[in-house]
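What follows is one structure encoded as structure tokens, with my remarks underneath.
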Amino acid sequence: MLAISSVLLAAALSAPSAHAGDGPAFSHDFSPKVQWYDITDAGTVLVATNQAVVGIDPWTGDIAWERDDLKKVPEDGVTFLPGTPTAMVLEAEWKLGQVPKGTLHMLDVTTGQDLWSIQSGPVMWTQLRLSDMGVLMLCQEYTDKGVDWVMRYVDIKTGAVRWEQADYFQAKAPVLQSWKAHPDKKWSIKMTMEGNQPVVFVDDGAAYIELWHHKQGVTKRDAKSGAVLWSRPGKYAGKMVPTPAGGKPAMVVHDGKVYVTDNENQLWAYDVATGNPVWDEKKAPKQFGSILSVSPDGEHIVMTGHDGKKAFTMVVDDDTGVEAWKKPLKLKGMISYMNRLDDGRLVIAETVGTKSQVYVAQVADGSRTLAKPIKLAGSVDSASVEDNQLFATGSNGSKTYVGMWDLGTGASLWQGGKGYRAKGSVPNLVVEGDKVWFVDSRGNFTSLNRTDGSERFSVALPWQGKDESPATLMDRGDLLVTYSDQNVIGLNPDDGSVVFHSHYAPPPPTGLQVTAGVAMIAASAAAAGASAYNSAQAGYARGVQGPYSSTAAAYQDRADDAAAVSAAFGEAAAEVMRRSKASKATENYYFILTKVKEEDDKGVGLVRVSLDDGSEQGSVIIDQRDPDYEIDEIAGMLYLLRNDKQLDGYSFGSGVIDAPVAAAPAAPPVTEPAPTEEAPAEGGETE
């Protein structure tokens, strides 16, 4: 079945049942109190007190190592390197109002051993070129005159400096501030590079292109020496350059060209090899907006934006910079959906007030493949294109519509052009063959005939509890599954009958509810490692579908890098890769917050429910008003900090992956008899 994309509040855990009555799998008392703890990409849990940093093995619960030389390390002093079993840990003198100074350790989180260390201030940001075993990092150095920003490119395993530049930033360093709330209700500010433009490695990793706060503007550097190969100051030098955090896109590098926008919203294109302008700079297109993607034919740049009053779409020839459309698409509202089809068409929906309309045009020249836009009876809540047909849901005041339109003719194919009127808002559709299914916000499960939108059935589901609103409809193969805060319901797609229904009463109101909600949507530890990088990329690609967004190549590069480095760290890297692959299966189970009761214990906790059959597959009691806990979905563990000193580990079961099997001892070498003169070794040589 094909499901229109949706967000699932679920975690991937596949294991035999474990229950609250079993108690914690392990418990460790720390003194003084725990300052912070975190789950690494390798699964190791790092715990920091003012006296030490320790690592806990996720499979045994044992303390695998302890570093009592790492004292008073705040969470802001640790930078995890995504896709690796490493962390940069700054052991420093942290004083109020002063930049910390100390020793920066590159730590193997599985063994607790230093790969290397240097004297440094905090690492503000890191970016990896894992296939090259290099890490680009921004540090603070201390001189008689004050603090300098130093950019280094070092070997990730040895710390050998391939190059460094103390005068890298001649203007204000490209550091952003991010606020973070800690469990003790205190807030801190972390200086970070997250949200800036990520560098783009080119020439098979031999060089990279950057756009940061220095006078050189867009710059290409040799990755092995740091030498500037070319630079283009543009109209952002020395100023706040456009960043993803500011709503601008990352640089688009495509077909030997790099595309960027400046502070005056002009689009520039430079040759990656030479840095020369690709088109006449005086004619650089100017418009308020962001680069979204290279179009499917590879010859155009699609831009969209909004000037505060109305939206626009601009398509630019990537060889000349000239607008490709003689008649630009004039929009009146907000772009609510956009999709570039493989056949070169661009589908754009705009919403104006309580109505929407959909335009279909050829990317190459803007010619309308539909003489008139498709009129929709409300806003666009969700949309998808399949087999040259547009499926869309939306609302107009109290009415909700579900419809299908022919993108070749623009004709509405359902209910004589009126579409289907749903009883409540529809978060998503599931489409397969000649059938369509959805669940509306009032809890009704409905199936339509795809050919004409006629109703096959519509049944009210037996939701239990107050104000239970279904979140989405999931395709589980032979079943369709929907869920709410306290319910999970499996449905027969043929007749709408309920195959299974699991309901758990909500617990009494406590501070736990908000925290548990966060846990339900928490990504796996392996995926979370890359979230800082990816989150900065998401904003400007929102609402755009298809494989041509400017972030697709960056995501693929990260996957290639992670695979390339897997052998470099031995078993630790293998565990990272194993967890990363397992994190993709994230739709097997769902957590529900409820009262958990066993023979010897009871309290508020989390129950894990199978989305295959609704069975309970484990429960854990978290009977605290303001709990501090983390869930490792991959290993099937919940870590709970009690009284700031006691860290308990609860097992939901064996997790998505089992504990790694210890390698068998190597067989003793077989000693061959030495060859004699009468019987020389074959070939006449010996080692």
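- Rounded to the nearest 0.5 angstrom, Lys595 NZ and Lys602 NZ are separated by 7.0 Å.
- Using a 4.5 Å heavy-atom threshold, the side chains of Leu640 and Val620 count as separate.
- Between Arg579 and Asp41, none of the side-chain N atoms (NZ, or NE/NH1/NH2) sits under 4.0 Å from a carboxylate O, so this pair counts as no salt bridge.
- Every residue meeting the side chain to side chain contact (heavy atoms under 4.5 Å, CB included) condition with Asp114, not counting sequence neighbours, appears here in chain and number order: Arg67, His105, Leu107, Ser117.
- Note that NZ of Lys33 and CG of Asn50 are 8.5 Å apart. Values are rounded to the nearest 0.5 Å.
- Contact record, Val78 with Ala87: CG1-CB, 4.3 Å, taken as the closest heavy-atom pair.
- Closest heavy-atom contact between Ala207 and Lys220: CB-CE, 3.7 Å.
- When every heavy atom of Tyr153 is checked against every heavy atom of Asp132, the shortest pair comes out as OH-OD2, 3.1 Å.
- Under the 4.5 Å side-chain criterion, counting only non-hydrogen atoms from C-beta, Leu606 is in contact with Leu593.
- Applying side chain to side chain contact (heavy atoms under 4.5 Å, CB included) to Met106 and the options Leu81, Asp155, Thr79, Val154 leaves one that passes, Leu81.
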Could you walk me through whether Phe30 and Val54 pass the side-chain contact (heavy atoms from CB on, under 4.5 Å) test, one step at a time?
CA-CA 10 Å; Phe30 295 91; Val54 303; 3.6 Å; yes
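- To the nearest 0.5 Å, atoms CG (Leu638) and CD1 (Ile631) are separated by 5.0 Å.
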Test side-chain contact (heavy atoms from CB on, under 4.5 Å) on Asp644 and Val34 and set out the steps.
CA-CA 5 Å; Asp644 293 332; Val34 173; 5.8 Å; no
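- Counting only distance, with no hydrogens or angles, the side chain of Trp36 and the backbone of Val73 share a donor-acceptor pair below 3.5 Å.
- Ser27 approaches Asp648 most closely through the heavy-atom pair OG-OD1, 2.6 Å.
- With sequence neighbours left out, Gln51 forms a side chain to side chain contact (heavy atoms under 4.5 Å, CB included) with Pro32, Thr49, Lys71.
- Of all heavy-atom pairs spanning Trp116 and Ile156, the tightest one is NE1-O, 3.0 Å.
- Trp65 places no side-chain N or O within donor-acceptor distance of the main-chain N or O of Val53, the cut-off being under 3.5 Å.
- Atom CG of Asp29 is surrounded by more than 12 heavy atoms from other residues, nucleotides or ligands within 6.0 Å.
- In this structure, the separation between SG on Cys139 and CE on Met151 is 9.0 Å, given to the nearest 0.5 Å.
- With rounding to the nearest 0.5 angstrom, the CZ atom of Arg608 is 6.5 Å from the CZ atom of Phe591.
- Between Val258 and Val200, every side-chain heavy-atom pair lies at or beyond the 4.5 Å cut-off.
- Checking side-chain atoms of Asp62 against main-chain N and O of Ala64 turns up no donor-acceptor pair under 3.5 Å.
- Counting only heavy atoms from C-beta outward, the side chains of Val607 and Val596 approach each other to under 4.5 Å.
- When the ring-ring contact (aromatic ring centres under 6.0 Å, His included) test is applied to Tyr208, the partners found at least two apart in sequence or on another chain are Phe201.
- For the pair Lys157 and Phe569, the cation-pi test (distance below 6.0 Å, angle within 45°) is passed.
- Summarising the geometry, atom CD belonging to Glu91 is positioned 5.0 Å from atom OG1 belonging to Thr103; distances are rounded to the nearest 0.5 Å.
- Sequence neighbours left out, not one pair with a member in residues 115-127 passes salt bridge (charged side-chain N to carboxylate O under 4.0 Å, His left out).
- Here the side chain of Asp203 pairs no donor or acceptor atom with the backbone of Ala206 at under 3.5 angstrom.
- Here Glu630 pairs with Tyr37, Ile39 under the side chain to side chain contact (heavy atoms under 4.5 Å, CB included) rule; sequence neighbours left out.
- With sequence neighbours left out, Phe26 forms a ring-ring contact (aromatic ring centres under 6.0 Å, His included) with His28.
- Looking at Trp59, its side chain never comes within 3.5 Å of a backbone N or O of Asp658 through a donor-acceptor pair.
- Judged purely by atom type and a 3.5 angstrom limit, Thr84 has no side-chain atom pairing as donor or acceptor with the backbone of Pro82.
- Heavy atoms only, all atoms of each residue included: Thr110 and Pro85 are closest at CG2-CB, 4.2 Å.
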